[in-house]
Undergrad: 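I'd like to ask some things about the structure below.
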Amino acid sequence: MSTPPAEDLIVKGWLVKLGAIHKTWKKRWFTNTASEPYILAYYTDETCRVKKGQVSLREVYSFRITVENKDKGDKQRTQISLSTHDRDWKMRADGDKAGELWTAGINKLMQQVVKERKKPDDPKPAGATTTTPATTTSTPSTTSTTPATTTPTPAPPTELYATAIASYTSTNSNELSFQRGDRLKIIDKEDQDGWWAAEFNGQRGWVSSFYVTLDTK
């Protein structure tokens, strides 16, 4: 295999990858192309002649990007984690420029995956209620005496919040835009495709669970 045409490349660059079996870090050349937009392939070098493996982005259910303090060589390290059901991929970009490139690149690739997944219908606006037709039933009249009981008052539901682990720019009117570190109120997270109804800055819309992590407090 040879280097993909320049016009086909979406993102490319060096990353240091943690091995799956032998837990050692090795430098690999990663590429993603328009012809295979859901594959992040990696090679021994920039010639792309020896392919070592690939990450199927469609199988990623969670990802995280964190920036560490600069090392002894005064280089910033950007840690990238991609979780699939088969493996947790751990990669690292060394240096400020590489970190910025891969932060933007991974966000772009995961937005492709998010867009492909079906969203449910628009979430209800804040305060909306569901109305069901009234029904009337007739039952035989009966007389019975039962002891008086006291129904305990249910505790108010616990509000659920999540923090954005990556920035996201909405591509549809029913999605929310937010920046990394923003805190969103989660209204409903029962959708099986990973789209959660949320509120942020007074707006209600969908957010992908890829981009947030639930707060523990």
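Nothing here was measured: the structure is a model prediction, and the numbers come from that model.
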Undergrad: Supply the atom-to-atom distance Phe30 CZ to Tyr43 OH, rounded to the nearest 0.5 angstrom.
TA: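 Nearest 0.5 Å value for the CZ-OH distance: 11.0 Å.
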
Undergrad: Could you walk me through whether Gln111 and Tyr168 pass the side-chain contact (heavy atoms from CB on, under 4.5 Å) test, one step at a time?
TA: CA-CA 8 Å; Gln111 282 203 29; Tyr168 182 78; 3.7 Å; yes

Undergrad: Mind checking whether Ile187 and Glu199 have side chains closer than 4.5 Å, heavy atoms only?
TA: yes

Undergrad: Salt bridge (charged side-chain N to carboxylate O under 4.0 Å, His left out), that's the test. Do Arg92 and Asp94 meet it? Break it down for me.
TA: CA-CA 6 Å; Arg92 187 183 76 226; Asp94 291 334; 2.8 Å; yes

Undergrad: Side chains of Glu36 and Tyr38: any donor to acceptor distance under 3.5 Å?
TA: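 No.
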
Undergrad: Hey, what do you get for CD1 (Ile65) to CE (Met110), rounding to the nearest 0.5 Å?
TA: 9.5 Å

Undergrad: Would you give the length of the straight line joining atom CG of Leu109 to atom CG of Leu40, rounded to the nearest 0.5 angstrom?
TA: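 So the gap between those two atoms works out to 6.5 Å.
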
Undergrad: Is it the case that the side chains of Asp86 and Thr84 hold a donor-acceptor pair, with the cut-off being a distance below 3.5 Å and no angle test?
TA: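 Not at all, the side chains of Thr84 and Asp86 share no donor-acceptor pair under 3.5 Å.
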
Undergrad: If you take all heavy atoms of Lys12 and Trp102, which pair is closest and at what distance?
TA: C-CZ2, 3.8 Å

Undergrad: Drop me the distance from Lys189's NZ to Leu160's CG, to the nearest 0.5 angstrom.
TA: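 The NZ atom of Lys189 sits 6.5 Å away from the CG atom of Leu160.
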
Undergrad: Going by atom types alone, do Asn172 and Glu175 pair a side-chain donor with an acceptor below 3.5 Å?
TA: yes

Undergrad: Of the non-hydrogen atoms in Gly181 and Thr163, which two are nearest, and what is the gap between them?
TA: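 Shortest heavy-atom contact: O-CG2, 3.8 Å.
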
Undergrad: Is any side-chain heavy atom of Glu159 closer than 4.5 Å to a side-chain heavy atom of Ile186?
TA: no

Undergrad: Taking the side chain as everything from C-beta on, heavy atoms only, tell me whether Leu176 gets closer than 4.5 Å to Trp206.
TA: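 No, every pair of side-chain atoms sits at 4.5 Å or beyond.
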
Undergrad: Within the structure provided, determine whether Ser81 and Asp88 are in side-chain contact (heavy-atom separation under 4.5 Å).
TA: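 In short, these two side chains do not touch, never coming nearer than 4.5 Å.
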
Undergrad: Determine yes or no for a side-chain-to-main-chain donor-acceptor pair under 3.5 angstrom, with Asp182 supplying the side chain and Gln179 the backbone.
TA: yes

Undergrad: Under a 4.5 Å side-chain heavy-atom rule over Ile, Leu, Val, Met, Phe, Trp and Tyr, are Val11 and Phe210 clustered together?
TA: yes

Undergrad: Please confirm whether the ring centroid of Tyr211 lies under 6.0 Å from the ring centroid of Phe63.
TA: yes

Undergrad: I need the minimum non-hydrogen distance between Cys48 and Thr31, along with the two atoms involved.
TA: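 Closest approach of Cys48 to Thr31: SG-CG2, 4.2 Å.
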
Undergrad: To the nearest 0.5 Å, what is the distance between CG on Leu184 and CG on Asn201?
TA: 8.5 Å

Undergrad: Does one side chain, of Glu68 or Gln79, offer a donor that lies under 3.5 Å from an acceptor on the other?
TA: yes

Undergrad: Is any side-chain heavy atom of Ile165 closer than 4.5 Å to one of Val212?
TA: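 A side-chain contact is absent here, since even the closest heavy-atom pair is not under 4.5 Å.
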
Undergrad: Decide yes or no for Leu18 and Lys23: does some side-chain heavy atom of the first lie under 4.5 Å from some side-chain heavy atom of the second?
TA: yes

Undergrad: Could you tell me whether Arg28 sits above the aromatic face of Tyr42, with NZ or CZ closer than 6.0 angstrom to the six-membered ring centre and within 45 degrees of the axis?
TA: no

Undergrad: Count I, L, V, M, F, W, Y as connected when their side-chain heavy atoms are under 4.5 Å apart, and connections chain through other members. Are Leu214 and Val60 then in the same cluster?
TA: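 Hydrophobic grouping puts Leu214 with Val60.
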
Undergrad: Using every non-hydrogen atom in the two residues, find where Lys51 and Ala41 come nearest and quote the distance to one decimal.
TA: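 Shortest heavy-atom contact: CE-CB, 3.8 Å.
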
Undergrad: In Å and rounded to the nearest 0.5 Å, what is the CD to CZ distance from Gln203 to Phe178?
TA: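 CZ of Phe178 is found 14.5 Å from CD of Gln203.
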
Undergrad: If only side-chain N and O atoms count, and only distance matters, is there a donor-acceptor pair under 3.5 Å linking Ser177 with Ser170?
TA: yes

Undergrad: Measure the shortest side-chain to side-chain distance between Ser83 and Tyr61 over non-hydrogen atoms and say whether it is less than 4.5 angstrom.
TA: yes

Undergrad: Can you check whether Ile39's main-chain N or O pairs, donor with acceptor, with Asn32's side chain at less than 3.5 Å?
TA: yes

Undergrad: If we only count heavy atoms from C-beta on, is the Ser208 to Trp195 side-chain gap below 4.5 Å?
TA: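 A side-chain contact under 4.5 Å exists here.
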
Undergrad: Would you say the ring centroid of Trp14 lies under 6.0 angstrom from that of Trp29?
TA: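 Yes, ring centres under 6.0 Å apart.
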
